[in-house]
Amino acid sequence: MRPGSIAIFLGLAIGLTAPSGVARAQIAPAPATTPEPQPQNQPPPDGAIVPDDQFEKSIPPLSGDINAPLEPLPATPSAPPAQAGVEPAPDDLTPVPLPSESELAQPLPPLSGFDVTPVTIAGVDDQPAAAIRYDTRVIGLDTVGLDDEFNALSALRKDDDAPNAAMVNARAREDEGLAVRLMTSRGYYDATATSMIEQVPNQPGRVRATITAVPGRRYSLGSITIKAAPTVPPGLIDKELPLKVGDPIEAERIEGAEANVALKLPQQGYPFAEVGQRDILLDEATLTGDYTLPVDTGPRGSFGGFVTRGDPVFDADHIAVLARFKPGELYDSRKVDDLRQALVATSLFSSVGVSPRKTGRPGPDGTEQVDLMVRQNKGPQRTLAGTVGYGTGQGFRTEASWTHRNLFPPEGALIISGVAGTQEQGLSATFRRSNAGKRDRTFSLTAALNHSNYDAFSAYTGTLSARISRDSTPIWQKRWTYFYGVELVGTNESVYDFDLNDRVRRTYGIAALPAFLGYDTSDNLLNPTRGFRVKLNVSPETSVQGAVRPYVRAMLEGTTYYPISDSLVIAGRARAGAIAGTGRDNLPPSRRYYAGGGGSVRGFGFQELGPRTTEPNPDYDPTDPDEKDSPTIHRPVGGRSLNEFSIEARYRFGNFGIVPFVDAGQVYESELPKMSDIRFGVGIGARYYTNFGPFRLDVATPINRKPGESKIALYISIGQAF
């Protein structure tokens, strides 16, 4: 090959490998002119035939030594290649000097000095791009009942427009995969799905996305194999795995069955059981799958002791008081969860956790003892709380309390509370020991001073009481509750003496043994919507005022809650009380029964129902010609028995509610309540539901109002009326 041909080949190679983006100049043909003489050693014009001798003379002489260095090329001035549309730079262009080091060290100009206003292209940026609207159609999923699941997860269904066609295509492809996954989860392992985007006829700018699903054949379980060590009792895992041969291979069914094994084994003595990764081998010929599940049961365990970590609130001994199991009992995770809930209910932790720990110590019946690790983090120990209420006839009542829940560990609380109201003021101090030697048992000791000034009586009272109780709380609502205790009361009270036809003050000493028993099936402590409650109070007492007069006070109350719908609940209440063993006038006024008010028969003032006296009105001025007050007033004196009835329709919408209601009741001087002279009150209430209970506002009026009774009664408080 000639050397000249090599030069041509290299030239082609350079041209083919030129960087992309570099524009190639297109050479136009030269105009027709008289040809000038060709210089020596210059290539002939295009199309000319060069004789051999002339060609040989134009080739420079070559050395015979193949190791000789290449001859230097002759120095010829080179010019940068011309670019189309670019003028050559002038020859006298002065090069720009580089900046000096001092200039480079200067600080950069502040950003505020730059113009950051975005460039706006008129007619383009001010016109939003037109969106593509589309319809979605799904074919085939309804035959396998997957329409709802698909619509809830579909990328296409989330909207009905897209910025461009590529986005619609992307959503359709995503929904193809979704349809296949859903069908596979139901056992259709041969399922396929396709999508198609087409223009809607006669609707420019609107397309239709169609997802076509073909479920294919459904697979079922051909065999079930569990790989696990023997259990006690035998076949425990098979019993708790609710799968059988012939069941369709549905992901939800199989995952639920495996979750049941993971849940049930720790409840029956296997705290460390672990469910492994399943394996399903499909057979296309028989449309079945061989299911294999490995389970590591771990050691069979029994309860051992307790180990505490973190910032301790309780020691192991008090934790054992809260537990509903004894060492040596077969391990049951439900009892561990119950212990965790009991710890949370103390409200003494910011966080608390209970988990099993292997010990290697042998236990009864071939088990291994399992210790419980209790991780404790101490929470706030002090609480400030308060309530505010208002009732016609009772006025405002505010109660506030300060509590240190663990001042005397474990769970020894000090509670200081005060009452300030229109008709009641008081101060009390209570020591309370929760979980006192036994789970859910509370011991409390209370000292209180109180002043009451009601229409029925006024009193200065001092009380010292002790009781043992089992109480419900909003966190831990119990089915059975109770209390019993002792109460010593000294009280100085105003009482109407019917023999003297005047009010006098008398001092009483009272010793009582109060007791309470309650049964509660309702679903919520402050806002029940279903279930019922029964409460019984019995208090044998002795009143000392010149003579010892024993008697018994008793009260029975039942409430029921029936949901008509999710938003409407019918609630009813009935209550009856009786005092046996002494006459009404021998009882201190504060120990008698009264009715009327927000927690009793609404529409009437506080303690307004029942027997009343007719007394001179101390505010009446007979010398005032403009006097409008009556010369006499009626004041309740209480009774030995009562009955009350209420019915409400609690309608709730969102966080608000409306409650129309009818209340009825009466107080009697007799030992047992009667059904005569029942008084009725009707009204309507508003509710605002909060996370700690409903805020209640009730307005009511009495039916067949008598002189001296309220025309309209208003009640404001927290919680339902019953």
Side-chain angles (χ1 to χ4, degrees), residues 226-242 255-278 293-379 409-411 434-435 437-440 475-476 478:
I226 298 175
K227 295 182 177 180
T231 60
V232 179
L236 179 60
I237 302 177
D238 300 79
K239 173 187 173 184
E240 302 300 347
L241 184 71
E255 290 175 352
E258 295 171 356
N260 190 69
V261 172
L263 174 69
K264 294 294 186 178
L265 287 183
Q267 295 177 359
Q268 301 179 65
Y270 292 92
F272 307 105
E274 294 184 359
V275 177
Q277 179 62 46
R278 78 188 75 85
L293 179 67
V295 179
D296 181 6
T297 61
R300 187 166 181 257
S302 59
F303 286 113
F306 299 94
V307 181
T308 62
R309 292 289 185 272
D311 187 8
V313 177
F314 301 145
D315 57 17
D317 291 339
H318 190 66
I319 294 174
V321 171
L322 297 176
R324 296 190 190 275
F325 53 82
K326 300 295 182 183
E329 291 184 14
L330 188 66
Y331 184 93
D332 189 337
S333 61
R334 291 169 294 187
K335 296 181 179 180
V336 177
D337 293 338
D338 176 79
L339 173 61
R340 183 183 299 108
Q341 291 176 359
L343 291 168
V344 171
T346 64
S347 302
L348 293 174
F349 301 92
S350 61
S351 64
V352 61
V354 183
S355 57
R357 290 290 182 270
K358 295 180 179 180
T359 65
R361 302 191 306 266
D365 301 326
T367 61
E368 176 183 319
Q369 291 187 18
V370 177
D371 286 347
L372 294 181
M373 174 75 72
V374 181
R375 299 187 179 275
Q376 309 176 50
N377 288 306
K378 186 181 298 183
E411 295 192 76
S434 301
N435 299 303
K438 183 180 179 181
R439 167 81 174 267
D440 297 330
I475 297 177
W476 195 268
K478 302 175 179 65

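- The OG1 atom of T297 sits 9.5 Å away from the CG atom of L236 when rounded to the nearest 0.5 Å.
- Side chain of N435 to main chain of D440: a donor-acceptor pair is present (N/O by atom type, distance under 3.5 Å, no hydrogens or angles).
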| request: Please assess V336 against Y331 for the test side-chain contact (heavy atoms from CB on, under 4.5 Å), listing each intermediate value before the final yes or no. | output: CA-CA 9 Å; V336 177; Y331 184 93; 3.5 Å; yes

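- Within the 4.5 Å cutoff, the side chain of L265 has no heavy atoms near those of the V275 side chain.
- Of the possible donor and acceptor atoms, one in the side chain of N260 sits under 3.5 Å from a partner among the backbone N and O of E240.
- E368 places no side-chain N or O within 3.5 Å of a backbone atom of G301 that could act as its donor or acceptor partner.
- Contact annotation: the side chain of L339 approaches that of F306 to within less than 4.5 Å [non-hydrogen atoms, C-beta and beyond].
- K335 has no carboxylate O lying under 4.0 Å from a charged side-chain N of D338, or vice versa, which leaves the two without a salt bridge.
- The heavy-atom pair separating H318 from P410 by the smallest distance is ND1-CG, 3.6 Å.
- Considering CG of L241 and NZ of K264, their distance stands at 13.0 Å, rounded to 0.5 Å.
- Under the 3.5 Å distance criterion, with hydrogens and angles disregarded, no donor-acceptor pair is assigned to the side chains of R357 and T359.
- Across all their heavy atoms, P271 and G269 have their closest contact at CD-O, 3.3 Å.
- If you take CZ on F325 and CG on L372, they are separated by 5.0 Å, rounding to the nearest 0.5 Å.
- A side-chain donor-acceptor contact under 3.5 Å links S350 to the backbone of N377.
- With salt bridges taken as basic N to acidic carboxylate O contacts below 4.0 Å, none links D332 and R324.
- Considering every non-hydrogen atom in both P266 and L263, the closest pair reads CD-O, 3.3 Å.
- Under the 3.5 Å distance criterion, the side-chain polar atoms of R340 are matched with a main-chain donor or acceptor of V354.
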| field | Criterion side-chain contact (heavy atoms from CB on, under 4.5 Å) on R300 and L330, from CA distance to verdict | value | CA-CA 9 Å; R300 187 166 181 257; L330 188 66; 3.8 Å; yes

| request: Go through the steps to decide whether F349 and F314 satisfy the test side-chain contact (heavy atoms from CB on, under 4.5 Å), and finish with yes or no. | output: CA-CA 10 Å; F349 301 92; F314 301 145; 3.7 Å; yes

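- Interatomic distance, NZ of K326 versus OG of S302, reported as 15.5 Å (0.5 Å rounding).
- The backbone N or O of V313 lies less than 3.5 Å from a partner atom in the side chain of Q376, making a donor-acceptor pair.
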| field | Test log, rule side-chain contact (heavy atoms from CB on, under 4.5 Å), inputs I237 and L293 | value | CA-CA 10 Å; I237 302 177; L293 179 67; 5.6 Å; no

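- The ring-ring contact (aromatic ring centres under 6.0 Å, His included) check on Y270 picks up nothing, with sequence neighbours excluded.
- Nearest heavy-atom pair, S333 versus Q267, reported as atom, atom and distance to 0.1 Å: OG-CG, 3.2 Å.
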